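This structure is a prediction, so every number in the text was calculated from the model and none was measured. Here is how names work: the chains are called A, B, and so on, in the same order as the sequence lines, proteins then strands, and each is numbered from 1.
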Number of protein chains: 2
Amino acid sequence: MPFQLTDESLSFFIEKCKRNKLKITPQRIVIYKELLKSTDHPHAEALHKRIKKIIPGISLDTVNRTLLTFAKIGIVKNVEGYGEPRRYDPKIEKHHHFRCIECNAIIDFEYKPYDDIIVPGDIQNRYFILNRKVLLEGYCDKCGKKR
Amino acid sequence: MPFQLTDESLSFFIEKCKRNKLKITPQRIVIYKELLKSTDHPHAEALHKRIKKIIPGISLDTVNRTLLTFAKIGIVKNVEGYGEPRRYDPKIEKHHHFRCIECNAIIDFEYKPYDDIIVPGDIQNRYFILNRKVLLEGYCDKCGKKR
DNA sequence: CTACTATATAGGAGTTAATCTTAATTGTCA
DNA sequence: TGACAATTAAGATTAACTCCTATATAGTAG
Ligand SMILES: [Mn+2]
Ligand SMILES: [Mn+2]
Ligand SMILES: [Zn+2]
Ligand SMILES: [Zn+2]
């Protein structure tokens, strides 16, 4: 079946935009709809390519700007990964990270129970798992105080 | 106390380089030493700045290339984060990701036990935790088959 | 110790994805 | 229906990495 933006998703979108005083533009609607039907966690350029089939003249800048806006009001999320600038770690023993969402500090911690955290059966069966990492996010002590 | 590269770390480094047929150059030694004493998970440019105080003429390219090499032979690690290109997720409900280290595919899964995973006490006390994510990494079904 | 060769380096050009700038356009609301 | 603030397109700029190539050097064989 072809994808269909449900009334609920659309009204959720409009609701959220209004609450944040964002104008409902055709560009925003199409960007939201297009991301909503993506299951591959695309980046802006990939999405831009798809969206140009619907609004040929849309600019890459608009897609980038709009996705940032959407993330800010919480209707889309950023995905953790290994993009640039790449950050390096000299600590090769098993450990985990806390990351401050304000200053982007990444702080090591060790916690044995995380190291061999149980993997759901269906994931275990379909994929070949090499690493298990827990990523905790929030405010570091410095940034937490300032608020 | 000032940082001191222990004999063990140095012989570990030399051992690993030799096993991988990498020449022991002054640049490589200094890059390794400098990353080893960093606890902030630096990116290449930051490290380059620090290293220029020791080898003023060293090029950024060498730092980048060398860090990649080190990661390949497993003496340093890449850190997960939110660098560019940023990837977006329309799914805002709590969920977790499997990531293929070969093709970089990111695949959703839901697993309740991960959602409220217990946070170590000292982390809980020092930082204000907002999110807890589990990141599983390995080979996806496609890339696993090819090997 | 010296010479040889494959590997590594410096420096600059090229690339990618994002961000900024500016002028034109368009939702929203009075 | 207008006025105006918000949004957009297009192109310039930037940040960080990657490629290119001539030069330098670590490892090693003699
Ligand atoms: Mn670490
Ligand atoms: Mn997801
Ligand atoms: Zn912080
Ligand atoms: Zn894969």
Give one of base, sugar-phosphate or nothing for B:Leu67, where a contact means two heavy atoms less than 4.0 Å apart. nothing
Residues clustered with A:Val79, ILVMFWY side-chain links under 4.5 angstrom: B:Ile106
Rounded to whole Å, how long is the line connecting atom CD of B:Glu45 with atom C1' of D:dT18? 13 Å
Using the ring-ring contact (aromatic ring centres under 6.0 Å, His included) criterion, which residues pair with A:Tyr88? Sequence neighbours excluded. none
Have a look at B:Pro56 and say if it touches a base, only the backbone sugar-phosphate, or nothing, with a 4.0 Å heavy-atom cut-off. nothing
So where does chain B start and stop touching DNA chain C, 5' to 3', when the test is distance under 4.0 Å to a non-hydrogen atom? C:dA6 to C:dT19
Listing, residues 109-117 of chain B side-chain donor-acceptor contacts under 3.5 Å, not counting sequence neighbours, or none:
{"residue": "B:Glu110", "atom": "OE2", "partner": "B:Lys91", "partner atom": "NZ", "Å": "3.1"}
{"residue": "B:Tyr114", "atom": "OH", "partner": "A:Ile118", "partner atom": "O", "Å": "2.5"}
{"residue": "B:Asp115", "atom": "OD1", "partner": "B:His96", "partner atom": "NE2", "Å": "2.8"}

For the pair made of OH in B:Tyr82 and P in D:dA15, what is the distance, rounded to whole Å? 24 Å
Measure from NE2 on B:His48 to P on D:dA15 and round the result to the nearest Å. 16 Å
Can you tell me how the ring of B:Tyr32 sits relative to the ring of B:Phe13, calling it parallel under 30°, perpendicular over 60° and tilted otherwise? parallel
Those residues that, when tested against B:Asp40, pass side chain to side chain donor-acceptor pair (under 3.5 Å) (two or more places apart): B:Arg50
Heavy-atom distance under 4.5 Å between the side chains of A:Tyr127 and A:Val119, does that happen here? no
Salt-bridged, A:Glu15 to A:Arg19, with N to O below 4.0 Å? yes
With sugar-phosphate taken as primed atoms, P, OP1 and OP2 and all else as base, the protein-contact string of nucleotides 4-10 of chain D at under 4.0 Å (heavy atoms; B, S, -) is -BBSBBB
Rounded to the nearest Å, what distance is computed from the CG atom of residue B:Asn64 to the P atom of nucleotide D:dC17? 5 Å
Does A:Lys94 NZ have over 12 foreign heavy atoms under 6.0 Å away? yes
Heavy-atom nearest nucleotide on DNA chain D for B:Lys18 versus B:Leu68: which residue maps closer to 5'? B:Leu68
